[in-house]
Amino acid sequence: MKPRFYVSTPIYYVNGAPHIGHAYTSIAADVLARFKRLDGYDVFYLTGTDEHGQKVARAAAEAGLGPQEFADRVSADFRDMADKMGVSYDDYIRTTEPRHHRSCAELWRRIAANGHIYPGHYEGWYSVRDEAFHDEAELTTAADGTKLAPSGAPVAWVREPSFFFRLSAFQDKLLELYETQPDFILPAGRRNEVVSFVRGGLRDLSVSRTSFTWGIPVPDAPGHVMYVWLDALNNYVTACGFPDPEAPRWKFWPADVHVVGKDIIRFHAVYWPAFLMAAGLPLPRRVSSHGWWTVEGEKMSKSLGNVIEPRALVTRYGRDPVRYFLLRQKPFGDDGTISHPALLSRINVELANELGNLAQRSLSLIARNLGGRRPGRGAGTAEDAELLDAAAALPEALRERLDRQVFNEALEEAWKIVRAANAYIDRQAPWALRKTDPARMEAVLRVLVDVLRVLATGLTAFMPDAMGRMLDQLGVPAEARDFAGLATILADGEVLPPPVGVFPRLVEDEA
RNA sequence: GGCGGCGUAGCUCAGCGGUAGAGCAGGGGAAUCAUAAUCCCUUGGUCGGUGGUUCAAAUCCGCCCGCCGCUACCA
């Protein structure tokens, strides 16, 4: 039986349009999903949209639509974005689906049955204009004595009935989780923040609202809808078929990795495991969080007008180069800068010059000097062995890096092979061997074919289309394009297709 | 305010007790198979400041300066 792997993105809130941050999360998770498929796993990759809450209801009203109609529209846009980025999701969940309503109702019942939900009142200083509660400490008092929010909006003390989740009861269990499973939260810096947050003491959580209706009804409590995060987080088990233990996908739970942005770590690393503990369900194995992209050093914002629409990037630079750039440019957990010069440099230097040109020069020599037939293996020199051994070690190197979600290091491992292969071809100079030692020339070109094949196979997770084209040119059969397939030695003498550049150089013609 | 992190070559960063490293950028050279791509060599740093521990400190400790993150229920 194949080992299983379950990776998720957050479900995206349909309040706004997809931007580069959403694409980044989805692409990172996609690389993990594709890599595990290459590595022989039975993979479940889940993404989707979060569609409830007051903000969606209001955005819909502003657009002159009903909330469902509005959510349908935005959800479809997110899905289109995922498709255009090459995101290979296995399921696209929406919180407005009946399966999710059923799942949430059951989760609620279980948590309640275990005694972790109790009725009470949610109260605090509320600003209607901000649609938010404010802490006493952040309020200011106006001249006439009214209390004001930091935004300057007036606040009023409101009190509404609400159910509470006994989060406080899970403090020790959560700390034990972080202790016994140190990689539960990555990167480590984020883990420490969560630990110190939980150590500081947990208050119970208000998990229902009566002030709006666009949400999942609380079972047996007319007028209450579930707190949006309880609704949203539960999507991860809904998609596995919860609460049906016989559902075909139930075998995937618990998830291996929840990929999230750094802003929602707490919800995933504190609330979510607490909800699951309360319901008596197994916990996910990891929450892996990433940092933000800034544009030319500035934060992306609508007011600055520098929001990057991922589909526009793809149109301009190509899908695979964009995927490559996003995972190569910065450490996953860190913030980083996206800019035209940086994209241009990565794409031209690393993809076109180093990798693309390596394939092109190797394949051209084969086309020209061997009639386009795949060369046969030679006796093999120490230098051949050194390069081939380094390439053979690549899958394991990638595995180790991707298991920790250090994508940039994974790519660096691959590029060490790319650079070594360029050095090798220069040193061996097959173009000179053509006259002096044709047999050796053939052996050298074969080494390059084999090395390119490992590279293209391993990089398929990052750049599925481009690496597919490279594997086409190497004549690798479809059934041998995963890591297990690397054991299949390519036959000598097969006629290869004429070489075509995989990564065209970008010409600097626009700012 | 509290807790935590960071500050190393022009840039991005690795090193985290034993006489400073990588990639890019800069300089020189080689080659010419290839998308004028590639390869080789190379300039460059008082490792934020300051005290201390040690035979020995980017590397451990104290203090100072600067930057950043977290400090609950707005996805």
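Chain letters run A, B, ... following the sequence lines, proteins first and then strands; every chain starts at 1. Side chains are part of it too, since the values below use all heavy atoms of this structure and drop only hydrogens, waters and symmetry mates.
For the C1' atoms, the distance linking B:G18 with B:U54 amounts to 12 Å, nearest Å. The separation of B:G49 from B:C67, taken at their C1' atoms, amounts to 15 Å, rounded to a whole angstrom. For B:C60 and B:G69, the P atoms lie 24 Å apart once the distance is rounded to whole Å. For B:G10 and B:U53, the C1' atoms lie 36 Å apart once the distance is rounded to whole Å. A gap of 27 Å separates the C1' atoms of B:C68 and B:A25, to the nearest Å. The C1' atoms of B:U42 and B:C64 are separated by 39 Å, rounded to the nearest whole Å. For the P atoms, the distance linking B:G27 with B:A20 amounts to 28 Å, nearest Å. Look at the P atom in both B:U43 and B:U32: the space between them is 27 Å, to the nearest Å.
For the pair A:Arg79 and A:Tyr92, the cation-pi test (distance below 6.0 Å, angle within 45°) is passed. Annotation: cation-pi pair A:Lys330/A:Trp292 absent, no NZ/CZ under 6.0 Å from the ring centroid and within 45° of its normal.
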Polar pairs (N or O, both sides) under 3.5 Å between protein and nucleotides 29-36 of chain B?
residue : atom : partner  : partner atom : Å
B:C33   : O3'  : A:Arg368 : NH1          : 3.3
B:C33   : O2   : A:Arg361 : NE           : 3.3
B:C33   : N3   : A:Arg361 : NE           : 3.4
B:C33   : N3   : A:Arg361 : NH2          : 2.6
B:C33   : N4   : A:Arg361 : NH2          : 3.0
B:A34   : OP1  : A:Arg368 : NH1          : 2.8
B:A34   : OP1  : A:Arg368 : NH2          : 3.0
B:A34   : O2'  : A:Asn357 : OD1          : 2.4
B:A34   : N1   : A:Arg361 : NH2          : 3.4
B:A34   : N3   : A:Asn357 : ND2          : 3.0
B:A34   : N3   : A:Arg361 : NE           : 3.2
B:U35   : O2   : A:Phe503 : O            : 3.4
B:U35   : O2   : A:Arg505 : N            : 3.4
B:U35   : N3   : A:Phe503 : O            : 2.7
B:U35   : O4   : A:Gly356 : O            : 3.3
B:U35   : O4   : A:Val502 : N            : 3.3
B:U35   : O4   : A:Phe503 : N            : 3.3

Expected rows: protein N/O vs nucleotides 2-5 of chain B N/O, under 3.5 Å:
none

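Atom CD of A:Gln329 and atom C1' of B:C13 are 12 Å apart (whole Å). Between the P atom of B:C73 and the NE2 atom of A:His52 lies a distance of 23 Å, rounded to the nearest Å. When the C1' atom of B:C40 is taken as reference, atom OH of A:Tyr424 falls 18 Å away, rounded to whole Å. Here B:C73 presents its P atom at 13 Å from NZ of A:Lys55, a figure rounded to the nearest Å. Nucleotide B:C74 holds its C1' atom 10 Å from the CZ atom of A:Arg58, rounded to whole Å.
If you check the side chains of A:His340 and A:Arg316, you find a donor sitting under 3.5 Å from an acceptor.
The residue A:Ile11 sits apart from the nucleic acid: no heavy atom pair falls under 4.0 Å. Residue contacts for A:Phe267: at a heavy-atom cut-off of 4.0 Å it reaches the sugar-phosphate backbone alone, with no base atom in range. At a threshold of 4.0 angstrom between heavy atoms, the contacts of A:Gly201 include nucleobase atoms, whether or not backbone atoms are also involved.
What you find for A:Glu51 and A:Thr95 is that their closest heavy atoms are N-OG1, 2.8 Å.
Projected onto RNA chain B by closest heavy-atom contact, A:Pro331 and A:Tyr122 fall at different nucleotides, the more 5' of which corresponds to A:Pro331. Position along RNA chain B of the nearest nucleotide to A:Ile264 versus A:Ser345 favours A:Ser345 as the more 5'-ward residue.
Secondary-structure stems of RNA chain B, taken as three or more successive Watson-Crick or G-U wobble pairs (i with j, i+1 with j-1) under a 3.5 Å distance threshold, comprise B:1-7 with B:65-71, B:10-13 with B:21-24, B:26-30 with B:38-42, B:48-52 with B:60-64.
Separating the CG atom in A:Leu411 from the CD atom in A:Glu350 is a distance of 8.5 Å, to the nearest 0.5 Å. Note that CH2 of A:Trp431 and CG of A:Leu433 are 9.0 Å apart. Values are rounded to the nearest 0.5 Å.
Counting only residues at least two apart or in different chains, ring-ring contact (aromatic ring centres under 6.0 Å, His included) contacts with residues 187-214 of chain A comprise A:His52-A:Trp214.
In this structure, A:Glu412 places its CD atom where more than 12 heavy-atom neighbours from other residues, nucleotides or ligands lie under 6.0 Å away. Residue A:Arg73 places its CZ atom among 12 or fewer non-hydrogen atoms of other residues, nucleotides or ligands, all under 6.0 Å distant.
Annotation: salt bridge (charged side-chain N to carboxylate O under 4.0 Å, His left out) contacts of A:Arg209 (sequence neighbours excluded): none.
The closest donor-acceptor contact from the side chain of A:Asn235 to the backbone of A:Ile11 lies at 3.5 Å or more, if one exists at all.
Shown here, B:A14 is classed anti by the O4'-C1'-N9-C4 or O4'-C1'-N1-C2 angle, which is more than 90° from 0.
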Cut-off 3.5 Å, no hydrogens considered: what does the side-chain donor-acceptor table look like for residues 163-174 of chain A, sequence neighbours left out?
residue  : atom : partner  : partner atom : Å
A:Arg166 : NE   : A:Gly115 : O            : 3.3
A:Ser168 : OG   : A:Asp204 : OD1          : 2.6
A:Gln171 : NE2  : A:Val198 : O            : 3.1

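Under the 4.0 Å criterion applied to side-chain N and carboxylate O atoms, A:Lys262 and A:Glu193 are not assigned as salt-bridge partners.
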